[in-house]
There are 2 protein chains.
Amino acid sequence: MTDRLSDVRDNGMTERAIRTQGDILEVATAEFAANGYAGARVDEIAARTRTTKRMIYYYFGSKEGLYLAVLERVYAQIRRVERGIQIDELSPDDALRTLAEATYDHHTTHEAFIQLVSIENIHRAEHLRQSETILRENVTAITLLEEVIDRGVRDGIFRDDVDAVDVHMMISAYACFHVANRHTFAAIFDRDMLDPALQESHRRLIGDMVVATMTDRRNDRRVP
Amino acid sequence: MTDRLSDVRDNGMTERAIRTQGDILEVATAEFAANGYAGARVDEIAARTRTTKRMIYYYFGSKEGLYLAVLERVYAQIRRVERGIQIDELSPDDALRTLAEATYDHHTTHEAFIQLVSIENIHRAEHLRQSETILRENVTAITLLEEVIDRGVRDGIFRDDVDAVDVHMMISAYACFHVANRHTFAAIFDRDMLDPALQESHRRLIGDMVVATMTDRRNDRRVP
DNA sequence: TTCCGAACGTACTAGTTCGTACAGATCCAT
DNA sequence: ATGGATCTGTACGAACTAGTACGTTCGGAA
């Protein structure tokens, strides 16, 4: 739960300092996610922490520095989830479904992450590109997928013309959309995609979708 | 192309006035899409038009009023596309594929629309909800889909436990993601989803995905 | 104790941004 | 042509916002 402390480097910092930084990051995450980068107010963030604006600049240097720290923190979290997935002993199709459901579960329970990704895209990923950590470490999902897909293709149950990045895209698209476009979708179609009553069927649908697409051999490249 | 004039009500306006408004709307669309609502600068928009800031306030009243006009304009455009789709004479699966591809084509060629939808979601659709026009008229897609799905279920080729709104969600998710998350995706996975070289295969994949999911009877509710 | 640097608080500045007052131009009907 | 309505340009102000100068407190080492 409060694993946020592990996100902060603790090179000879006092306990109090670490807590202050964690406090700021937590509030800043909510503020940036809710209002966008330009819409977020440093004064507002400061007011909601138990410390002051001076501390934000003391620890993070600038509004942009704070935003970057927030971004790295939420990406670190999804990395942790990805590393925890066990699919070695599952059949390729069950593994695929498990991966899809794990992504769905993460995204639907981490609204701030999805909102920050949206915001970052509005700004053409200019901040994300500055973070070597994020760029270096966030391909875990692809490695896992590659393994599963290879196995499925070798077993002859998966089509062979769709690669891991494409599958990741399909899964992410479905899971992201639920959270990212929740409000316009609800306004127009009068259906809250995160309504708990729909969760089970939506969770099943993302698995159905990716498994059905990959096991559909109608578009296979190889000669039968 | 320059059908933007039709977006502006022309109750006894001079030709020049209509052009001025269209000019402002075009520039404002780009500015809001590129920088978000709070990040957009009224002065910057004014500077890029052939008129002045005074005119923005004369015609649109406020920054928010301008943003709302921009939003209605891009939604009106996708409505026009949806109304132009002919699928009456297609088989249910071909019709589904055609609808999916049309959505894909629209979204991938109207980046500003997708960006504005993202921005609107960051703000919890607060502006969109103010526009009765958008809320009233933007369910055309669903009506079309309902018809097709009914036909497919009746013919026994579609599963019967997924409704039109769900299918629309799947299609929109895939198509939106390509544009909305283009930059973070490219930064992390080094693949531009809008690369023309990939367009054909991605266009096929959205069709495969929705058709495979709907024709997959493994999860059917009805007894075989 | 004394000292030192890390951690913190207050009050302020410099610059930006939305919006407007006011003055002028243009068009059109009578 | 003339009065009035519709447009347009300029210059400015009030409010807000990121960032900082400067001083204080606290904890531990010598």
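The chains referred to below are lettered A, B, ... by the order of the sequence lines, with proteins before strands, and numbering in each begins at 1. Note that the structure is a prediction, hence the values are computed from the model and not measured.
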| message | Can you tell me if T52(A) touches the phosphate of dT10(C), counting only side-chain N or O atoms and a distance under 4.0 Å to OP1 or OP2? | response | no
| message | When you compare the side chains of E120(A) and H127(A), does any donor N or O come within less than 3.5 Å of an acceptor on the partner? | response | yes
| What integer distance in Å separates Y67(A):OH from dA18(D):C1'? | 17 Å
| request: Ignoring hydrogens and angles, tell me if any N or O in the side chain of D192(B) forms a donor-acceptor pair with the backbone of A186(B) under 3.5 Å. | output: no
| query | Quick one: is T51(B) getting a side-chain N or O under 4.0 Å of the dG9(D) phosphate, OP1 or OP2? | reply | yes
| Judged by atom type as modelled, is there a donor-acceptor pair below 3.5 Å linking the side chain of R41(A) to the main-chain atoms of A38(A)? | yes
| Whole-Å distance separating the CE atom of M55(A) from the C1' atom of dG23(D) | 13 Å
| request: Return the angle between end axes of the helix from dT1(C)-dA30(D) to dT30(C)-dA1(D), with five pairs used per end and rounding to 10°. | output: 0°
| query | T108(A) versus M193(A): any side-chain heavy-atom pair under 4.5 Å? | reply | no
| Interatomic distance, Y59(A) OH vs dT20(D) P [rounded to whole Å] | 17 Å
| Base versus backbone protein contacts along nucleotides 15-21 of chain C [heavy-atom cut-off under 4.0 Å; B, S, -] | --SBBBB
| query | Does H202(B) have any side chain to side chain donor-acceptor pair (under 3.5 Å) partners at least two apart in sequence or in another chain, and if so, which? | reply | D166(A), H178(B)
| query | Under 3.5 Å, side chain of N121(A) to main-chain N/O of T184(B), donor-acceptor pair present? | reply | yes
| note | The reported gap from CD in E146(A) to CG in D163(A) (rounded to nearest 0.5 angstrom) is 7.5 Å
| task | Take atom CZ of F60(A) and atom P of dT20(D), then tell me their distance rounded to the nearest Å. | result | 16 Å
| request: Working to the nearest 0.5 Å, report the span between CD1 of I85(B) and OG1 of T103(B). | output: 6.0 Å
| So, is Y58(B) close to the dG9(D) phosphate, meaning a side-chain N or O under 4.0 Å from OP1 or OP2? | no
| query | Within 45 degrees of the axis of the six-membered ring of F32(B) and under 6.0 Å from its centre: does K63(B) put its NZ or CZ there? | reply | no
| request: Can you tell me the distance, in whole Å, between the CD1 atom of I56(A) and the P atom of dA7(C)? | output: 16 Å
| query | Starting at CZ of R50(B) and ending at C1' of dG9(D), how long is that distance when rounded to a whole Å? | reply | 16 Å
| note | Here the distance between atom P of dC16(D) and atom CG of N35(A), to the nearest Å, is 16 Å
